[in-house]
Amino acid sequence: MPSPNSAYTGRFAPSPSGPLHIGSLVTALASYLDARANQGQWLLRMEDIDPPREQASAAQQIINSLIKHGLQWDGDVFWQSQASATYDFYLQQLLDQNLAYWCACSRRQLAQTKGLHTGQCPHPGTPSNAALRLRIPDESVNFTDQIQGHQTRIQTDIGDPVLKRKDGLYAYQLAVVVDDARQGVTDIVRGVDLLDASAWQIHLQQALGFPSVRYCHIPVIVGADGHKLSKQSFAPALDDSHAIDNLRLALRYLQQTSAPDTITEIQALLRWAIAHWRPQDIPASRYINELSPDALHHHR
Ligand code: GLU
């Protein structure tokens, strides 16, 4: 085994709102292969900070599915719900630096600006009745995504994101940035539906003085109805008893060369996929259409 490359730490960060489906397997596999092909670490972080959207058994199902698919992570699973004291620490730092503010705007008030909140808050609030927002400076954010190419977002495109919700829950944008930094993540491989959020996350990293990371946003799979396959849209759970077929299908979505049929073991398939990993072959589109499971057999 080559020694781990400390210059690369990747992660898979599912929200336990349901079991893994083929779309989430594609994301998990892409981040796993990219990490392993770079002799990097690959971490598993359970983003369980939104109890109303979670399913009781989903986190365990996700863990079991990853194991069945041979996607072994390094170290212990990181549970966001167990690690929230740090979020308050950084929120206070932002408040002390006047980089965040309490906003009591209602959903209806925000609807007039399509949910975007920019500039002076017309309804300032207090911690008991408001959400905490990050003040996005009047500067554009520029970054190069390894698949989607050069990206620019200006302040008025993105608005000021919520970091702590009115109901007191920590927002994803805060937790993801704090935890990527505390876990030493260098490379984020995830679905393109989070490309826009990267602009907020880069602003927040800068506001907190965290190092920047590399981004690689892979296309998301859309079903026949044109919507992203997701746990919320009840995409079918992966059948763990067909793990090797699921992995071959996921490799097809990523447009990687098909592994020889003679490979029948999961670890052998993963080793082959690591050795032949070509992120440059992943389509630079935002969407890929769902393939029927038997498309796999027709495309060998
Ligand atoms: N927890 C997020 C999700 O499941 C992904 C977070 C990320 O990769 O940044 O959609």
Side-chain angles (χ1 to χ4, degrees), residues 13 15 23 27 47 50 87 90-91 93-95 97-125 130-166 169-181 185 187-222 226-228 230 232 282-288:
S15 306
T27 305
E47 300 212 319
D50 193 352
Y87 305 141
Y90 287 112
L91 290 178
Q93 182 177 317
L94 294 170
L95 282 164
Q97 296 175 340
N98 195 26
L99 295 172
Y101 59 91
W102 294 103
C103 156
C105 292
S106 67
R107 216 170 267 218
R108 185 187 297 176
Q109 285 156 345
L110 287 168
Q112 290 157 14
T113 48
K114 299 199 172 83
L116 270 191
H117 190 294
T118 49
Q120 194 69 26
C121 181
H123 306 97
L132 188 69
R133 286 183 187 273
L134 178 67
R135 206 184 293 287
I136 296 288
D138 185 10
E139 290 160 13
S140 60
V141 144
N142 295 288
F143 64 102
T144 300
D145 185 88
Q146 286 177 63
I147 295 183
Q148 308 292 332
H150 187 74
Q151 308 291 320
T152 299
R153 298 288 183 285
I154 57 171
Q155 181 205 26
T156 47
D157 284 343
I158 63 175
D160 294 352
V162 170
L163 301 179
K164 189 172 190 187
R165 293 166 17 179
K166 258 187 204 175
L169 292 176
Y170 301 103
Y172 156 68
Q173 309 299 345
L174 171 74
V176 72
V177 168
V178 168
D179 291 336
D180 282 332
V185 169
D187 286 76
I188 294 180
V189 178
R190 62 183 176 193
V192 76
D193 50 321
L194 293 168
L195 182 66
D196 289 339
S198 305
W200 284 325
Q201 293 171 18
I202 291 170
H203 275 297
L204 183 55
Q205 272 161 14
Q206 291 172 351
L208 293 172
F210 292 157
S212 51
V213 299
R214 288 180 289 260
Y215 292 98
C216 178
H217 283 90
I218 65 170
V220 294
I221 303 176
V222 294
H227 288 110
K228 179 196 166 202
S230 71
Q232 285 78 29
I282 299 173
S285 59
R286 289 191 162 231
Y287 306 108
I288 17 181

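These values consider heavy atoms only, across backbone and side chains, with no hydrogens, waters or symmetry-generated copies.
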What's the verdict on side-chain contact (heavy atoms from CB on, under 4.5 Å) for Leu116 and Leu110, showing C-alpha distance, side-chain angles and the deciding distance? CA-CA 7 Å; Leu116 270 191; Leu110 287 168; over 6 Å; no

Distance col, row Ile136:CD1 vs Thr118:OG1, nearest 0.5 angstrom, shows 11.0 Å

Name the atoms and distances for all side-chain donor-acceptor pairs under 3.5 Å in residues 171-181, with sequence neighbours left out.
| unit_1 | atom_1 | unit_2 | atom_2 | d |
| --- | --- | --- | --- | --- |
| Tyr172 | OH | Arg190 | NH1 | 3.2 |
| Tyr172 | OH | Gln201 | NE2 | 3.3 |
| Gln173 | OE1 | Gln201 | NE2 | 2.9 |
| Asp179 | OD1 | Arg182 | NE | 2.6 |
| Asp179 | OD1 | Arg182 | NH2 | 2.8 |
| Asp179 | OD2 | Gln80 | NE2 | 2.8 |
| Asp179 | OD2 | Tyr87 | OH | 2.5 |
| Asp180 | OD1 | Arg11 | NE | 2.9 |
| Asp180 | OD1 | Arg45 | NH1 | 2.9 |
| Asp180 | OD1 | Arg45 | NH2 | 3.1 |
| Asp180 | OD2 | Arg11 | NH2 | 3.2 |

Are Asn142 and Gln151 close enough that some pair of their side-chain heavy atoms sits under 4.5 Å apart?
no

Value for CG (Leu94) from CG (Leu204), rounded to nearest 0.5 Å, stands at 6.0 Å

Sequence neighbours excluded, the answer for side chain to side chain contact (heavy atoms under 4.5 Å, CB included) partners of Pro124 is none

Minimal heavy-atom distance between Cys121 and Tyr101, with the atoms involved, is CB-CE1, 3.7 Å

d(Ile158 CD1, Arg153 CZ) to nearest 0.5 Å is 8.5 Å

Residue set satisfying salt bridge (charged side-chain N to carboxylate O under 4.0 Å, His left out) with Arg165, at least two apart, ordered chain then number -> Asp50, Asp167

Any heavy-atom pair between the side chains of His150 and Asp145 that's under 4.5 Å? no

Within a strict 4.5 Å, meaning less than it, do heavy atoms of the Arg286 and Leu195 side chains meet? yes

SG (Cys216) and CD1 (Ile188) are apart, to the nearest 0.5 Å, by 11.0 Å

Hits for salt bridge (charged side-chain N to carboxylate O under 4.0 Å, His left out) against Arg135, two or more places apart or cross-chain, chain-then-number order -> none

Correct closest heavy-atom pair for Pro219 and Ile282 would be CD-CG2, 3.6 Å

Sequence neighbours excluded, the answer for side chain to side chain contact (heavy atoms under 4.5 Å, CB included) partners of Ser106 is Arg108, Gln109

| said: Has Gln146 got a side-chain atom pairing as donor or acceptor with Thr144's backbone, closer than 3.5 angstrom? | reply: no

Quiz item: Counting distance only, does the side-chain N/O of Lys166 pair as donor-acceptor with the main-chain N or O of Cys105 below 3.5 Å?
Solution: yes

Could you walk me through whether Ser140 and Gln155 satisfy the side-chain contact (heavy atoms from CB on, under 4.5 Å) test, starting with their C-alpha distance in whole Å, then the side-chain angles of each, then the deciding distance to 0.1 Å, before giving a yes or no?
CA-CA 6 Å; Ser140 60; Gln155 181 205 26; over 6 Å; no

By ring-ring contact (aromatic ring centres under 6.0 Å, His included), His217 pairs with (sequence neighbours left out) Tyr215

Next item on the list: Determine whether His117 and Val162 make a side-chain contact, defined as any pair of heavy atoms from C-beta on separated by less than 4.5 Å.
Entry: no

Rounded to the nearest 0.5 angstrom, the SG-CG distance for Cys103 and Leu132 is 9.5 Å

- prompt: Going by heavy atoms in the side chains, are Val189 and Thr27 under 4.5 Å from each other?
  reply: no

Do Ile221 and Lys228 come within less than 4.5 Å of each other through their side chains, counting heavy atoms only? no

Interatomic distance, OH@Tyr90 vs CG@Leu163, rounded to 0.5 Å, equals 14.0 Å

Exercise. Could you tell me whether the side chain of Pro283 reaches within less than 4.5 Å of the side chain of Ile288, counting heavy atoms only?
Key: yes

Q. Quick one: does Gln205's side chain get under 4.5 Å of Pro211's, heavy atoms only?
A. no

For Leu99 and Leu134 the tightest heavy-atom approach is O-CD1, 3.4 Å

When every non-hydrogen atom of Val192 is compared with those of Val220, the smallest separation belongs to N-CG1, 3.8 Å

Whether Trp200 side chain and Gly159 backbone form a donor-acceptor pair below 3.5 Å: yes

